[in-house]
Engineer: 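After the structure tokens below, expect a handful of questions from me.
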Amino acid sequence: GAGVSQTPSNKVTEKGKYVELRCDPISGHTALYWYRQSLGQGPEFLIYFQGTGAADDSGLPNDRFFAVRPEGSVSTLKIQRTERGDSAVYLCASSLATGGISGANVLTFGAGSRLTVL
Amino acid sequence: QKEVEQDPGPLSVPEGAIVSLNCTYSNSAFQYFMWYRQYSRKGPELLMYTYSSGNKEDGRFTAQVDKSSKYISLFIRDSQPSDSATYLCAMSRPPSNTGKLIFGQGTTLQVKP
């Protein structure tokens, strides 16, 4: 597609429920990132995929969070047993390549999925 | 203490003013420095990208990096109401790729007509 598409745009759930957030990156972009942005804060890195594999998941806060990218395109962020503190905007970004200094490393962000845990 | 500090504002200026936005950081390993603009309910979009120290200009925008002071700036000349947004500084360090970014808190800017 023309940009990074994220669904749903808004999700309200109850504490303890399971949630899936989907990201459809720009066609041909091999690198995909998930960030989390809490209210009034900058985005925080969660996980990065190069192709199908998670190259760096050091930002995932705990084992309730998991992400997959089985075919190297669409990615799903999964949150188990949601807590009120998980409420945030979850941003997905993609880029053509990684490393070095190149316009190909520019991250294009989606509009985000706003998660509210009641 | 956060690795990247940014005054959240809000900053309000009249149309046509020069705007100065700043970030400080603590980790001298940072080598890639970026400024993103984020409109309400949208994702961040890249404005400027600088490697190491120096200045970079793009139209009304100028980015400066002073690694000796661990200080980066974004200047906006002839500010317009359409510049009203949140401005996020971001940086990254090797060996990680430039997509794993550390963001500042963001500064909210309002340009009044």
Side-chain angles (χ1 to χ4, degrees), chain A residues 2-7 9-10 21 23-26 29-51 54-60 88-114, chain B residues 2-10 21-25 27 30-54 56 58 63 65 72 74 85-108:
Chain A
V4 177
S5 176
Q6 292 189 246
T7 54
S9 55
N10 281 285
L21 307 175
C23 174
D24 198 344
I26 292 173
H29 279 194
T30 57
L32 185 146
Y33 308 85
W34 285 98
Y35 283 79
R36 178 169 71 174
Q37 187 172 23
S38 300
L39 189 64
Q41 301 298 315
E44 292 179 303
F45 171 81
L46 294 176
I47 186 171
Y48 140 62
F49 288 89
Q50 180 60 36
D56 185 342
D57 64 357
S58 61
L60 295 178
V89 176
Y90 290 82
L91 294 164
C92 177
S94 68
S95 71
L96 273 173
T98 63
I101 311 164
S102 164
N105 300 314
V106 170
L107 266 62
T108 301
F109 281 87
S113 292
R114 183 175 299 270
Chain B
K2 293 183 179 179
E3 282 190 283
V4 179
E5 297 279 356
Q6 185 175 8
D7 186 337
L21 304 166
N22 312 292
C23 288
T24 58
Y25 61 94
N27 192 332
F30 286 133
Q31 288 192 2
Y32 305 95
F33 303 92
M34 286 140 277
W35 286 95
Y36 282 82
R37 178 174 62 195
Q38 187 174 27
Y39 292 113
S40 181
R41 301 276 177 165
K42 300 291 185 183
E45 58 176 327
L46 183 67
L47 279 177
M48 302 285 286
Y49 184 127
T50 309
Y51 173 68
S52 195
S53 285
K56 188 173 183 179
D58 184 2
V65 175
I72 70 171
L74 178 71
T86 296
Y87 290 80
L88 297 153
C89 63
M91 43 201 83
S92 68
R93 55 181 177 265
S96 78
N97 64 79
T98 57
K100 182 179 179 180
L101 306 177
I102 310 299
F103 281 88
Q105 183 177 357
T107 299
T108 300

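The chains referred to below are lettered A, B, ... by the order of the sequence lines, with proteins before strands, and numbering in each begins at 1. The analysis underlying the following values was restricted to heavy atoms, covering all of them including side chains, and did not include hydrogens, waters or symmetry mates.
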Engineer: Give, as side chain, backbone, both or neither, the part of B/Tyr39 having an atom under 4.5 angstrom from any heavy atom of chain A.
Structural biologist: neither
Engineer: Side chain, backbone, both or neither: which part of A/Ser38 has a heavy atom under 4.5 Å from chain B?
Structural biologist: neither
Engineer: Distance check, rounded to the nearest 0.5 Å: B/Lys100 atom NZ versus A/Leu46 atom CG?
Structural biologist: 11.0 Å
Engineer: Report which part of A/Gln37 has an atom under 4.5 Å of a heavy atom belonging to chain B: side chain, backbone, both, or neither.
Structural biologist: side chain
Engineer: Chain A heavy atoms under 4.5 Å from B/Pro44: which part of the residue, side chain, backbone, both or neither?
Structural biologist: both
Engineer: Under 4.5 Å between any side-chain heavy atoms of A/Tyr33 and B/Leu101, yes or no?
Structural biologist: no
Engineer: Look at the side chain of B/Gln105 and the backbone N and O of A/Gly40, then say whether any donor-acceptor pair between them is shorter than 3.5 Å.
Structural biologist: yes
Engineer: Under 4.5 Å from any heavy atom of chain A, what part of B/Gln38 do you find: side chain, backbone, both or neither?
Structural biologist: side chain
